[in-house]
Number of protein chains: 4
Amino acid sequence: MPATQTTVIKNGTIVTHDLTVRADVLVAGGVIAAIGPNLSGDHVIDATGCLIMPGGIDPHTHLEMPFMGTFSADDFESGTRAALAGGTTMVVDFALPDPGQSLMDALAVWSNKSARAHCDYSFHMAVTWWGQRVFDEMEQVAAAGITSFKHFMAYKGSLMVNDDEMFASFRRIADLGGLAMIHAENGDIVAEMAAKLLAAGTTGPEGHAYSRPAQVEGEATNRAIMIADMAGVPLYIVHTSCEESHEAIRRARQAGKRVWGEPLIQHLVLDETEYFHPDWDHAARRVMSPPFRNKAHQDSLWAGLAAGSLSCVATDHCAFTTAQKRFGLGDFTKIPNGTGGLEDRLPVLWTCGVGTGRLTPNEFVAVTSTNIAKILNCYPRKGAVAVGSDADLIIWDPEAEKTISAAGHQSNSDFNVFEGMKVRGLPRYTLSRGVVAFADGKVTAPEGHGAFVPRKGTTPV
Amino acid sequence: MPATQTTVIKNGTIVTHDLTVRADVLVAGGVIAAIGPNLSGDHVIDATGCLIMPGGIDPHTHLEMPFMGTFSADDFESGTRAALAGGTTMVVDFALPDPGQSLMDALAVWSNKSARAHCDYSFHMAVTWWGQRVFDEMEQVAAAGITSFKHFMAYKGSLMVNDDEMFASFRRIADLGGLAMIHAENGDIVAEMAAKLLAAGTTGPEGHAYSRPAQVEGEATNRAIMIADMAGVPLYIVHTSCEESHEAIRRARQAGKRVWGEPLIQHLVLDETEYFHPDWDHAARRVMSPPFRNKAHQDSLWAGLAAGSLSCVATDHCAFTTAQKRFGLGDFTKIPNGTGGLEDRLPVLWTCGVGTGRLTPNEFVAVTSTNIAKILNCYPRKGAVAVGSDADLIIWDPEAEKTISAAGHQSNSDFNVFEGMKVRGLPRYTLSRGVVAFADGKVTAPEGHGAFVPRKGTTPV
Amino acid sequence: MPATQTTVIKNGTIVTHDLTVRADVLVAGGVIAAIGPNLSGDHVIDATGCLIMPGGIDPHTHLEMPFMGTFSADDFESGTRAALAGGTTMVVDFALPDPGQSLMDALAVWSNKSARAHCDYSFHMAVTWWGQRVFDEMEQVAAAGITSFKHFMAYKGSLMVNDDEMFASFRRIADLGGLAMIHAENGDIVAEMAAKLLAAGTTGPEGHAYSRPAQVEGEATNRAIMIADMAGVPLYIVHTSCEESHEAIRRARQAGKRVWGEPLIQHLVLDETEYFHPDWDHAARRVMSPPFRNKAHQDSLWAGLAAGSLSCVATDHCAFTTAQKRFGLGDFTKIPNGTGGLEDRLPVLWTCGVGTGRLTPNEFVAVTSTNIAKILNCYPRKGAVAVGSDADLIIWDPEAEKTISAAGHQSNSDFNVFEGMKVRGLPRYTLSRGVVAFADGKVTAPEGHGAFVPRKGTTPV
Amino acid sequence: MPATQTTVIKNGTIVTHDLTVRADVLVAGGVIAAIGPNLSGDHVIDATGCLIMPGGIDPHTHLEMPFMGTFSADDFESGTRAALAGGTTMVVDFALPDPGQSLMDALAVWSNKSARAHCDYSFHMAVTWWGQRVFDEMEQVAAAGITSFKHFMAYKGSLMVNDDEMFASFRRIADLGGLAMIHAENGDIVAEMAAKLLAAGTTGPEGHAYSRPAQVEGEATNRAIMIADMAGVPLYIVHTSCEESHEAIRRARQAGKRVWGEPLIQHLVLDETEYFHPDWDHAARRVMSPPFRNKAHQDSLWAGLAAGSLSCVATDHCAFTTAQKRFGLGDFTKIPNGTGGLEDRLPVLWTCGVGTGRLTPNEFVAVTSTNIAKILNCYPRKGAVAVGSDADLIIWDPEAEKTISAAGHQSNSDFNVFEGMKVRGLPRYTLSRGVVAFADGKVTAPEGHGAFVPRKGTTPV
Ligand SMILES: [Zn+2]
Ligand SMILES: [Zn+2]
Ligand SMILES: [Zn+2]
Ligand SMILES: [Zn+2]
Ligand SMILES: [Zn+2]
Ligand SMILES: [Zn+2]
Ligand SMILES: [Zn+2]
Ligand SMILES: [Zn+2]
């Protein structure tokens, strides 16, 4: 389709975080050119019976992430292919410098990997060590359009940073008008608990869950919030999985602090009993950090999404194969942490959220797309159905059904943690900057179609 | 200006609840026709240095309200004139049937009064008594575009309804897809306390405050929330003035209940010490229900607006003259309850909220306009700067200053509770459906320009 | 045993709310004469392997309560016999005046009934109507040693009092230095819900539970707390069954209010699924108000006992026979409300509380005896193992076991809601004022042994 | 007085944490021999108009604490002399090993210092470094009767321990049946803030307060609670000074965790404005950690004492002279941290607590004596008025008055932070193990009268 041609989406109902309205959408030059009745264009997409929503944004992926001499199973090619097939039109991945490595070098590595992306993407920069060079380069990173910086309070001995490093980094981010992000688990306690469990003979995947209980996450969340507030920086807490973290976030928000929590789709629907499955493979395939929690924690997360105390649903997509998971046979601390979800996030959330009455369709859009676009300062270019916005759109069929299975999914992994779940609500078409990127069950956007989305800093809070 | 001519607002920055963006706004036929760069029209309004925001919506006024054989001092003419002068382009007033009176008759009376309005308006219907006729007429009222129903838990012996009546009414509203509203104070306790105070010789305005402390409001709020939840109806709590009410609202919202709280601009900036003023007139002029609270309650209200646990800022505009206030000399229970604020709400909130960093400009728009438009189901016709929305707009000069004074205000009252307050941030122009309704310090929209805004019910929660 | 003879309890461990200590206990003249090592007396009770604890006090019973022309199944004879068999040495029953009846007349009726008691007892006076006569007689009632006054916020049309009556009564109690008590459920809403359910065809026992959900109780608790605080009176909330009530109590206590909550042993261990039993009799036998709740509410109650936010465990013993329960066949509102528990309270609480680690033995004593003795102002005469205290004692064998069953229990009822529960921890002996009142599985205190325990008012809070 | 002679206290009213009762108290052999009416003995102490209460226990002192080559101004001689003069009959001091030093060696040093004590004492052992030797010696320390172990989360570079060390130590304490204690402030953040303030030119005492705001304490409290819970050890939080810490403690207690908070008398009555005093000496004399807070925090602490969410009032007595304070001229981080209070704790708490109605006399006893005796497992030897308990008693005259002043106080310091405060309520006599240790305004117990109070471990929670 020549770039000068236009496309009109007709007969659908636009659903944004804010509004539900019947209107046609005209796309031209990759952006939304008009919204209204009776529009016409060179090409027509029929949205009869469908909802037109902003494409999903997944703010938390780990594609082609280095790991023990190999890499996570999905790279930017397969990962973004899965994204589009599930209605997600933008992913934000984490550039992870090695200890001592230049941030700009790490960014170059990630930029290289992302060249194969089918959909748009951006990066967060991880601060995995601290020194003058990191301090200095953070400004360059921000200038390159990457204004969100991730810190790990866990993974002692590798990624973990201490409180004083975190405070120094947060103050730097405040000066740059950026966003601080954290993986919140008390790494000291996790390490001690894991050692204690292994010493006591608990070597299976259930040991992973035992070693990082909810309060270990809640404590770290509470601590990061204090440090962020002292530094005067807004804070985004990734993979909020439990009531303890949620409580700390609620308390902070009620005190006027700018703090956001991100439940994962996995934590919303899967629970800790997965780790007690008699099949080692079954349990190990679900190993991720934080681990799945019990039903009471799930209820807390759903309530938070409805009440607005939690903001975004992500995947932490970090797929591994069963073969990779088996690196941890006999020692749960060696099981690679991570699960997939990019293709399934929207259908599962729609099914378990909108389908049950927990979320309105508008809230679904907010938590899958618009909220994070605002937080990451790329709204309304992304996350909106508005004139001038990128035409990243889903034509969503709320009646379409399928059963999730590794057989036929886009991911390179040989299993799917949602295996066997019947979902109702699927994308009929996904558009990426006006291009039909997914249709008739096939990803149609070519490899490399995806472009980097730079983001500006905001005025410090 | 002929209806076929267009107006363009140039050189300003659009501020909505969601976005801040530089663009021109084209107005045609009373609605927004286009938003973007380099627009042109028949007439040009220069917004250099100004913000273009949705006009304010005041969801809580009592214009020409009957009272002891007379009426509140501002009618729809002076009240809406004050509204426009302060950047408010829509008011929602309460139709108050007498005990036994037909709801439709009361509506006819209020429709008649409102014919003189300078700006758009809608109504809430008060349920001041209960019976089959009220039950039956509520459907007609809703069909007439009035889908919000107010109940008084105070004013025992006149407006107050009991729990069983409230529950019956709430269930009816749920069936109609409407919104329940309450004035939350425990009327039994207030009546007993007032009698006890008078008996003890406390007859001055301070007795008004003593007789209705914060926990009496908090209890009623908590009770109304339970009853609404049992009835399955969304609930809007007017004039939330204290931490106790706010706490009940927070707790409900966190449990996923659809409940909203409305602080008044008066409670946000004025406190209980006003009632201890040695001048009886000074104190009596501030008598309203709930009374002003202490600083700790004010802090709670501001935090709620920032955190999103409170939703709208209103005025409860119910102006009286000093002469009317003096009906209560010697008996505080006879002082007419009410104060003005229509002209001052936006400048005072901007000054004390945005000017101090408590609220962002986007949050200012949300709490003065957009949130209530959504709650009352007239968004995006009202409360938006969007193509197709009514061109109810403020051209807001954040640097303009004035000192508030009864001398020169629009209200018919001879005093102003904000007298002497210096505000920074004022409307340069106010547009009502595309017509310049206020400019150069003068209200230019003619009497009767205002139109009724009917609202549809929503699907029951 | 002549009154001049002494008894010594040897080889046991004294457990009070405060202390655990090995010592002998010497009893003389019905009171504790000495505590220490190597005591001797005329008679010896061997407490080897046992704990010596203050006898249980059940602050909430309804013995021989009038009901639809008949009476609750246990009178003071069988009820106090059950009490002693279960380690309870004092019960506090409710004198219930009919509407319009003199309080002193009601008291005379209850005093007459209680003449048959095997163990000590006191009364609470119910305020079931309001008027000058009630106001006046309350002083006489207090002078007669009855300083706690109960109010019903439910049972609309019979026992229920309105907010203004409650406030007037609470103020009167404050003047008398007494204690206000409430049954907290919103009677208006319960009545409406029950009518709605019956109209919809829900006539079975499950309708009872549906008609009085947790938040209806929580609301009333919150309201009573406010009214008590306005009146300046301490407040005791009977049968606290849910998190909503508990939350209101916690909030009040943290604000320094003198408020206590009383979970029942039934609510701690039985849940709402009982009402869904296919056997009508099974379900109806469990009908009481408030109804049993779900596991989350149970967790809240246990946590409250451990944390001190809830104070006493009672029974609300109000036994009925299956024949009486069947009055409600076809209409759940006619099922007599009430279950038994006097004999089972201590063994069940020990088994499910101390046996599981939820409560320490000291906390067990606090919540079954000492706390209520303090609240009702009869400590340390009752509720203590101290020199000078009444020798109301349990020799508790923590290893003794039995299975609870209606076959063999003391109650006149033909069923037991704990039927089949295996308990571990039983009284070996129960002493009432020094007399061995229960031994070898037999109640040995004669009918009429029990004496009235008058209580003084306290200084108003 | 020969040890075989007896003393009787007559005409007073016994006030314990539990009870208020008129009775005589007979003392023989250093312990309470009898309580009752009409007792007689060799010597009579007249308590007419007075209350007989358990002697105060101060669980938090630093006597003769090494500091920059010198020592804190009060040693065990002057410190315990001050204690007795103020009604305190037992102090618990902190043995502080140097980094690398043997715990048993440190204990020997402290035992040596304490030989001069006028009143009884015990020790807490500080864990200021971590290693196998510390781990090993903790058992010896516990065997020596010291079962409480203190940890510093602040004082980075000297006393501070990290999370993994704290967890290891807490697990060890759990195994020993001991009590974990913490000084809760995030040392990393405090150090960064102090450096930042000094760099910005803030060198005066106010910088001390700015560098350790309330949330820095609240965070550390929350963290310690999590770590203690993971380790299964009860936790005592010293010098709880703010709502943030109190909130964390409340939340933990409500979840059934065994956690106690200790406000200091200083934080209850003095506030942060002290640090803004224009006189450097005035401000520096008040420098302690945590610093004084604002009135809202004080309200929170008082409410916690009344509600039971906070347990003990201590002093953290660590007196310095003005000359010593001046070590910090030009650099607030060098001002020695600490203030006195041993002589003033009880009179000030009575005056500001009981005298204002915030606390009952029974609650006063609980928070000054009985609660800590229970927590430290020396109840009822200490903290009780009971037969067999040590005769550590105060004869308290609630009407006696004085004005606090450094002129005439017992402490070696040349100033008093309560200077000029008029107190009402003072000890008339103080007895230490039956010996009159303070009378007629004079300390009469000889140097060296005090004895060490060993304590046993408890069963792990
Ligand atoms: Zn992570
Ligand atoms: Zn991740
Ligand atoms: Zn009102
Ligand atoms: Zn109003
Ligand atoms: Zn009841
Ligand atoms: Zn009852
Ligand atoms: Zn300290
Ligand atoms: Zn200290």
Side-chain angles (χ1 to χ4, degrees), chain B residues 130 153-154 156-157 160-172 174 184-197 199 210-232 242-245 247-248 250-252 254-255 257 296, chain C residues 130 153-154 156-157 160-172 174 184-197 199 210-232 242-245 247-248 250-252 254-255 257 296:
Chain B
W130 190 247
M153 299 172 80
K156 189 177 181 180
M160 178 170 147
V161 287
N162 291 324
D163 289 3
D164 50 0
E165 297 167 329
M166 208 155 77
F167 184 56
S169 179
F170 282 15
R171 284 170 62 189
R172 177 61 164 163
E185 292 183 297
N186 186 311
D188 275 342
I189 304 305
V190 168
E192 296 284 332
M193 288 297 292
K196 181 183 170 190
L197 285 157
Y210 294 154
S211 69
R212 36 211 335 146
Q215 63 175 330
V216 166
E217 179 187 342
E219 183 282 313
T221 300
N222 190 69
R223 180 154 38 105
I225 288 169
M226 182 278 282
I227 296 174
D229 193 53
M230 291 297 294
C242 62
E243 162 60 13
E244 282 84 347
S245 286
E247 189 277 332
R250 286 199 304 268
R251 190 159 26 91
Q254 197 59 44
K257 299 179 187 177
Chain C
W130 191 246
M153 299 173 80
K156 189 177 180 178
M160 176 170 147
V161 287
N162 291 324
D163 288 5
D164 49 1
E165 296 167 330
M166 207 154 78
F167 184 55
S169 178
F170 281 15
R171 284 170 63 189
R172 177 61 166 163
E185 292 182 298
N186 186 312
D188 275 341
I189 304 306
V190 168
E192 297 284 333
M193 287 298 292
K196 182 183 168 190
L197 284 157
Y210 295 154
S211 69
R212 37 213 331 147
Q215 63 176 330
V216 166
E217 179 187 344
E219 183 283 312
T221 301
N222 189 69
R223 181 155 38 107
I225 289 169
M226 181 278 282
I227 296 174
D229 192 54
M230 291 296 294
C242 63
E243 162 60 14
E244 281 85 345
S245 285
E247 188 278 331
R250 284 198 307 266
R251 192 158 27 91
Q254 198 59 45
K257 300 179 187 176

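Worth saying up front: this structure is predicted, and the values here are computed from it rather than measured. Below, chain A is the first sequence line, B the second, and so on; all start at residue 1.
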**OP:** Let me know if B:Glu165 has heavy atoms under 4.5 Å from chain C in its side chain, its backbone, both or neither.
**Re:**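 Neither part; nothing is under 4.5 Å.
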Subject >> Residue, of B:Met166, B:Lys156, B:Gln215, B:Lys196, that accumulates the most heavy atom pairs under 4.5 Å with chain C >> reply: B:Gln215
Original post:
Rounded to the nearest 0.5 Å, how far apart are CG of B:Asn222 and CE of C:Met226?
Top reply: 10.5 Å
Subject >> Any side-chain heavy-atom pair of C:Asn186 and B:Arg223 under 4.5 Å >> reply: yes
**OP:** Test B:Glu192 against C:Met230 for side-chain contact (heavy atoms from CB on, under 4.5 Å), laying out the working first.
**Re:** CA-CA 11 Å; B:Glu192 296 284 332; C:Met230 291 296 294; over 6 Å; no
**OP:** Looking only at non-hydrogen atoms, find the nearest pair between B:Asp163 and C:Ile189 and report the distance.
**Re:** O-CD1, 4.1 Å
Subject >> Proximity breakdown for C:Glu244 and chain B, heavy-atom pairs closer than 4.5 Å >> reply: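 Contact with chain B involves no heavy atom of C:Glu244 at all.
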